[in-house]
Enquirer: 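Got a structure here, written out as structure tokens. Questions coming.
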Amino acid sequence: MTAQTIWQAGRFQIGLDEPKIMGIINLTPDSFSDGGTYSRSTAAALAHAERLLQEGADILDIGGESTRPGAAYVPPEEEWARLQPVVRELAKWKVPVSVDTRRTEVMRCLLGEGLADIINDVAALEDEGAVDLLASHADIGICLMHMQGLPENMQNNPRYEDVVGEVAGYLKNRAEVCTAAGMDSRRLVLDPGFGFGKTLQHNIQLMRHLPELQAQTGLPLLIGVSRKRMIGELSGEADAGARVYGSVAAALAAAARGAAVLRVHDVKATVDAWRVWRALQ
Ligand code: HH2
């Protein structure tokens with residue numbers, strides 16, 4: 001359980017008394033598990049959004065840049081061009097819209113037009129000007145994620161002395177930077193960043209120690225393990241699109257350890273599993 005029970009997220013206050021499901025929509029031609037599926041047209045992306053909501057998603061997370069290991073550089077203008085038509089439509093829907101971006105330029109475009117409730121940043125607002133920009137938009141929710149290195153090099157031999165302590169220390173520090181800039185801590189959730197500069201052993205350690213991470217940072221945790229390489233390594237399933245069972249098991253492991261938000265591709269599978277698991281506790 002998290003001490004903080006509300007996530008202030010733009011137009012919404014999201015209750016965190018039980019795990020919330022964030023459904024993923026990748027508007028990228030090259031995402032590792034669904035690349036190209038929803039980037040072909042705005043209609044395809046919106047149809048997918050509709051489906052995720054019917055399946056029980058509480059939040060939609062839209063991304064215009066792949067951050068998988070070794071992903072190719074995408075200019076911010078290209079990222080914005082991918083996002084724009086879809087977020088313009090979603091902003092009219094009654095659902096919290098999270099945008100997965102690490103560029104201040106893209107955030108400025110989104111926030112200037114009121115097109116996002118949440119900024120989900122795998123670089124924890126490290127891009128120049130990002131903290132000041134978010135500080136000047138009072139209600140926007142923020143996910144600060146830990147990553148060692150950058151997507152282009154992060155899986156080249158990641159190293160830690162104490163992965164849990166270092167990730168907790170980094171996230172705590174980034175949260176303090178945000179609150180020092182005047183942001184209310186109810187806007188913040190933290191994410192250890194599974195697979196972002198981590199070996200399988202690092203990922204396992206982080207998952208086993210989520211309660212300590214939570215206790216050390218004092219903020220709710222968002223967990224994204226869906227279809228990732230660690231699921232493939234643990235289950236033996238090489239095809240990312242077929243990792244639903246392993247992903248659900250990992251999502252439940254995170255929920256059982258107090259995760260506040262689960263970022264997933266397979267919404268129905270995760271929601272059903274959570275409902276059954278919760279009822280049987
Ligand atoms: N993982 C990915 C992207 N964004 N954001 C948060 N907060 N946490 C995560 O674990 C996370 C994230 C990578 O997954 P995906 O979006 O499916 O793939 P890609 O980066 O290839 O688009």
Side-chain angles (χ1 to χ4, degrees), residues 7 9 19-39 45 48 52 57 59-74 78-79 82-83 86 96-103 106-107 116 118-126 141-152 154-155 167 170-171 174-175 188-198 202-203 206-207 210 213 217 219-232 239-244 246-247 250-251 254 259-267 270:
W7 186 11
K20 289 293 180 283
I21 306 295
M22 174 183 261
I24 303 171
I25 305 173
N26 283 318
L27 304 177
T28 47
D30 58 342
S31 286
F32 74 95
S33 79
D34 57 3
T37 318
Y38 312 111
S39 61
H48 186 57
L52 295 182
I59 305 165
L60 297 176
D61 188 46
I62 331 295
E65 180 206 23
S66 174
T67 46
R68 74 179 200 288
Y73 174 79
V74 179
E78 169 69 22
E79 185 186 344
R82 290 176 184 175
L83 290 170
V86 177
V97 175
S98 162
V99 180
D100 186 343
T101 183
R102 53 191 173 135
R103 270 106 173 219
V106 175
M107 296 175 198
I118 296 165
I119 297 294
N120 169 26
D121 185 357
V122 299
L125 303 187
E126 296 242 32
I142 301 160
C143 176
L144 300 168
M145 198 196 81
H146 174 275
M147 162 164 60
Q148 186 181 86
L150 293 167
E152 47 273 33
M154 65 191 179
Q155 290 308 109
V167 169
Y170 172 83
L171 291 174
R174 294 308 297 163
L188 306 176
V189 308
L190 306 178
D191 181 345
F194 286 91
F196 284 83
K198 279 119 191 155
H202 296 141
N203 290 321
L206 286 166
M207 185 60 88
L210 286 188
L213 254 181
T217 59
L219 287 169
L221 298 179
L222 183 151
I223 299 302
V225 285
S226 184
R227 301 187 186 178
K228 284 188 177 170
R229 185 183 299 177
M230 65 179 280
I231 305 297
D239 175 3
R243 291 180 187 153
V244 54
S247 300
V261 183
L262 304 171
R263 181 182 182 274
V264 304
H265 298 87
D266 303 291
V267 169
T270 313

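Atoms within a ligand are numbered from 1 in the order they appear, just like the ligands themselves.
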Enquirer: Considering only heavy atoms of Gly224, which atoms of ligand 1 have at least one such atom less than 4.0 Å away?
Expert: 10 (O)
Enquirer: Going by the atom numbers of ligand 1, which of them fall below 4.0 Å from some non-hydrogen atom of Val122?
Expert: 4 (N), 5 (N), 12 (C)
Enquirer: With the threshold set at under 4.0 angstrom, would you say Gly63 reaches ligand 1 through any of its heavy atoms?
Expert: no
Enquirer: I need the contact type for Arg227 against ligand 1. Using non-hydrogen atoms and a strict under-4.0 Å cut-off, is it side chain, backbone, both or neither?
Expert: neither
Enquirer: Of all the atoms in ligand 1, which lie at a distance below 4.0 Å from a heavy atom belonging to His265?
Expert: 17 (O)
Enquirer: Say you draw a straight line from CG of Leu213 to CG of Leu221; how long is it, rounded to the nearest 0.5 Å?
Expert: 6.0 Å
Enquirer: Go through ligand 1 atom by atom and flag the ones less than 4.0 Å from a non-hydrogen atom of Asp100.
Expert: 3 (C), 4 (N), 5 (N), 12 (C)
Enquirer: For atom 20 (O) of ligand 1, what is the closest protein heavy atom, and at what distance to 0.1 Å?
Expert: Thr67 N, 2.8 Å
Enquirer: By number and element, which atoms of ligand 1 are closer than 4.0 Å to a non-hydrogen atom of Leu222?
Expert: 7 (N)
Enquirer: Numbering the atoms of ligand 1 from 1, which are under 4.0 Å from a heavy atom of Asn120?
Expert: 5 (N), 6 (C), 7 (N)
Enquirer: At less than 4.0 angstrom from any non-hydrogen atom of Asp191, what atoms of ligand 1 do you find?
Expert: 6 (C), 7 (N), 8 (N), 9 (C), 10 (O)
Enquirer: Show the numbers, then the answer: is there a side chain to side chain donor-acceptor pair (under 3.5 Å) between Thr28 and Glu65?
Expert: CA-CA 6 Å; Thr28 47; Glu65 180 206 23; over 6 Å; no
Enquirer: So does Arg68 have more than 12 non-hydrogen atoms from other groups sitting under 6.0 Å from CZ?
Expert: yes
Enquirer: State, to 0.1 Å, how close Ala250 and Val225 come at their nearest heavy-atom pair, and which atoms those are.
Expert: CB-CG2, 3.6 Å
Enquirer: Could you pull out, from Arg263, Met145, Glu65, the option with a heavy atom nearest to atom 3 (C) of ligand 1?
Expert: Arg263
Enquirer: Any atoms of ligand 1 less than 4.0 Å from a non-hydrogen atom of Cys143? List them with their elements.
Expert: 7 (N)
Enquirer: If the threshold is 4.0 Å, N to carboxylate O, is there a salt bridge linking Asp191 and Arg263?
Expert: no
Enquirer: Which pair of non-hydrogen atoms, one from Ile62 and one from Val97, has the smallest distance, and what is that distance?
Expert: CG1-CG1, 4.1 Å
Enquirer: Check for a donor-acceptor pair, side chain of Lys20 on one end and backbone N or O of Leu262 on the other, with a separation under 3.5 Å.
Expert: no
Enquirer: If you take all heavy atoms of Ser247 and Arg227, which pair is closest and at what distance?
Expert: OG-N, 2.8 Å
Enquirer: Do any nitrogen or oxygen atoms of Phe194 come within less than 3.5 Å of a nitrogen or oxygen of ligand 1?
Expert: no
